[in-house]
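Worksheet: the structure to be examined is printed underneath.
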There are 2 protein chains.
Amino acid sequence: MTRKSPPKRITIHDVASDAGVSFSAVSKVLRDAYGVSDALRARVNESIAKLGYTPNTAARGMRGKTHVIGVIFPDMRNPYFADVLSGISAALERTTYQMVQGIVQHSTEAALVQSMMNMQLDGLIIVGSISTSEELSGVAARLPLVVDGHHLPNATSFDTVNNDDAESGRIAVRHLVEQGYRKIAMLSLETHNGSVIERREAGYEEAMRAAGLGRHIEIARAPQSLRDIQVVTQSLIEKRVEAIFCWTDYVALEAMSVAGSLGLSIPRDVAIVGHDNTMYCGFEQNSLTSLDQSGEQSGLQAARLLIERIEGRQKAEHFLIHPRLVARRSSAAPA
Amino acid sequence: MTRKSPPKRITIHDVASDAGVSFSAVSKVLRDAYGVSDALRARVNESIAKLGYTPNTAARGMRGKTHVIGVIFPDMRNPYFADVLSGISAALERTTYQMVQGIVQHSTEAALVQSMMNMQLDGLIIVGSISTSEELSGVAARLPLVVDGHHLPNATSFDTVNNDDAESGRIAVRHLVEQGYRKIAMLSLETHNGSVIERREAGYEEAMRAAGLGRHIEIARAPQSLRDIQVVTQSLIEKRVEAIFCWTDYVALEAMSVAGSLGLSIPRDVAIVGHDNTMYCGFEQNSLTSLDQSGEQSGLQAARLLIERIEGRQKAEHFLIHPRLVARRSSAAPA
DNA sequence: CTGAAAGCGCTTACAG
DNA sequence: CTGAAAGCGCTTACAG
């Protein structure tokens, strides 16, 4: 085993001997525990600074808290998640908690959760979970959990943060109807119970019926791949729909691309509305109308709830965000 | 302290007693160590499966390897990083290594590195590092390190994976010159020594001179914010440049947006070339010419190198990727 | 207010 | 081939 000899790690013992105190005194200072005099604390902190000591997270994890939380994202491609992360990060800034991310790629959400539990993290935020209520309850039984973007009928063992996704669907439809569109389709995703997408679909259908457009309800579901989105968009266009509400922005941008490739002009030939109001919406070449659910706010609240839960709160809390339409050229009234 | 009592964790001892062996025998099976009979191994594996045992990463970290590596990204907004992650993930799939990500937000790269060292991770991949050679050498002295996207004059204690960024700059310029453009500017980023951006600038300048266009060299550097990019793009357009080579795609998309807002048409009034060939380039409304440095390949190689290094390789290796131009409408020859 | 002891769940020599 | 012992760096009662 040829290993480079790593510079010896500085431990609590080194700090103790430098400060001339017992090593348990150092531990107490670190954890802000009771029963340390100001003099002792000052001396220890000085040594910590001098030696550049940082606690070994693995060792901490064996006994108490690691002061690290985990955040799980379903993918890194959807720019909405960057907004959520930004909110979480801001909320954590003034706390002693650090964060690591797990992004579902070839592995599964469950594997990532397991891996983070094995690392003894203090709590977990799962964004856009694809797990069932039962699975999430199982996780919540083992560590503090907040789920962001998943509507669960009866989550009592963990907190949730959600956009009012049914309202998103309603707002999108009402807006398009006001602009003069009637044959409004929805471009959705093959999904599962309790997902944000399911709620958006429900809101879409409800508003269509309320507007007397029930006969025009048309929900097309495509997997996440660009190729599939293309095919499904084409078929909607062939059906001569007048407007398409897409479950997330990048799908809307792809739909826009397909329409353009077919020589159609937006919104004249087909109007498009996205969801999340990510940074690409504002680009002139897209000018995509979108529903803003403030990912930043969502992340901020999720982090707040998680910390409260780590510090002892037992009762579940559920935070709801109200979406807001940002109208742009892609849904302008037909001339 | 009212804490929910978490279901007791299954440890190596539980497995041992279930299998009727000593707990050290279990440890050996887990680590594939020498000196375990097939019969014992089979019995232990059966118990592991039955009990659903997974090793406690924190405990492992106290003595040996955690089998977890860390990947640090400078941000989550640039879609190029999703490609890199995908490559790393693919490379890890057939190994026993898990991965967590750290994304630089409000914290710093150095803080994230420290945090991951404290977690006793087995190795680190830093993508798009902003640290100096010295800082990175300091990290490499403590754990196996691969740096992706950072040209360091004399990295001997860690591996690197790089795109040939000077070549990217040259290819961009040559392509634009072939298409008939002469006043070619570069939209860059305020940056540091050894960065990929610096190299792209160097390649740009070199190719401009080689084409006899030295007098048209114009490098505008903007911070990462959309607002700043707007201002800088406007000033380039006011100088009546004929083409703009942007250091990364989303900057190019923003430049495109600014041009559009000013009523200019692309490429007739100004041609645009991006870098990374991320998924947005192919959208009809963008149709952005871009240099493909294959983020997936980059991630794949980085993970391979890191694992080799974790398993004992001492000599530094440096992998170079050759960029490839993907031409689209944004740089078509002026009619 | 301060310190000595036990123990978290593993790995790593070492002894049988 | 198998197992008992020591120890990684902390936290948590507990004793002084």
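Using a 4.0 Å cut-off, no side-chain N or O of B/T11 falls inside it from OP1 or OP2 of C/dG9.
For B/M117 and D/dG9, the CE to C1' distance is 16 Å, given to the nearest whole Å. Rounded to whole Å, atom P of D/dC8 lies 18 Å from atom CG of B/N56. The distance between atom CE of A/M62 and atom P of C/dA6, rounded to the nearest whole Å, is 17 Å. To the nearest angstrom, P of C/dC10 lies 9 Å from CD of A/Q120. In this structure, A/D14 atom CG and D/dC8 atom C1' are separated by 14 Å, rounded to whole Å.
With sequence neighbours excluded, the residues forming a salt bridge (charged side-chain N to carboxylate O under 4.0 Å, His left out) with B/R313 are B/D159, B/E308, B/E317, listed by chain and number. By the ring pair (Phe, Tyr, Trp, His ring centres under 6.0 Å) test, B/Y53 pairs with no residue at all, sequence neighbours left out. The ring pair (Phe, Tyr, Trp, His ring centres under 6.0 Å) test applied to A/F319 returns no partner, not counting sequence neighbours. With sequence neighbours left out, the ring pair (Phe, Tyr, Trp, His ring centres under 6.0 Å) criterion links A/H106 to no other residue. Every ring pair (Phe, Tyr, Trp, His ring centres under 6.0 Å) that B/F81 has, sequence neighbours left out, goes to B/F73.
Side chain of A/A25, nearest nucleotide from D/dC10, C/dG3, D/dA4: C/dG3.
Sorted by residue number, the members of residues 37-46 of chain B with any non-hydrogen atom under 4.0 Å from DNA chain D read B/S37, B/L40.
Helical stems in DNA chain C, defined as runs of 3 or more consecutive Watson-Crick or G-U wobble pairs with both donor-acceptor distances under 3.5 Å, are listed by first residue as C:1-3 with D:14-16, C:5-12 with D:5-12, C:14-16 with D:1-3.
Every pair tested for salt bridge (Lys or Arg N to Asp or Glu O under 4.0 Å) that includes a residue from residues 107-134 of chain B fails, sequence neighbours excluded, so the list is empty. A salt bridge (Lys or Arg N to Asp or Glu O under 4.0 Å) check over residues 78-100 of chain B, counting only residues at least two apart or in different chains, returns the pairs A/R77-B/D83. Among residues at least two apart or in separate chains, salt bridge (Lys or Arg N to Asp or Glu O under 4.0 Å) pairs with a member in residues 45-58 of chain A are A/D18-A/K50. Pairs of residues two or more places apart, or lying in two chains, that qualify as ring pair (Phe, Tyr, Trp, His ring centres under 6.0 Å) and include a residue from residues 108-157 of chain B are B/H150-B/H192.
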**Study point:** Nucleotide-resolved protein contact map, nucleotides 11-16 of chain D, B/S/- at heavy-atom distance under 4.0 Å
**Key:** BB-B--

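The distance from atom CZ of B/R304 to atom OG1 of B/T95, rounded to the nearest 0.5 Å, is 14.0 Å.
The shortest distance between side-chain heavy atoms of B/L121 and B/V100 falls below 4.5 Å.
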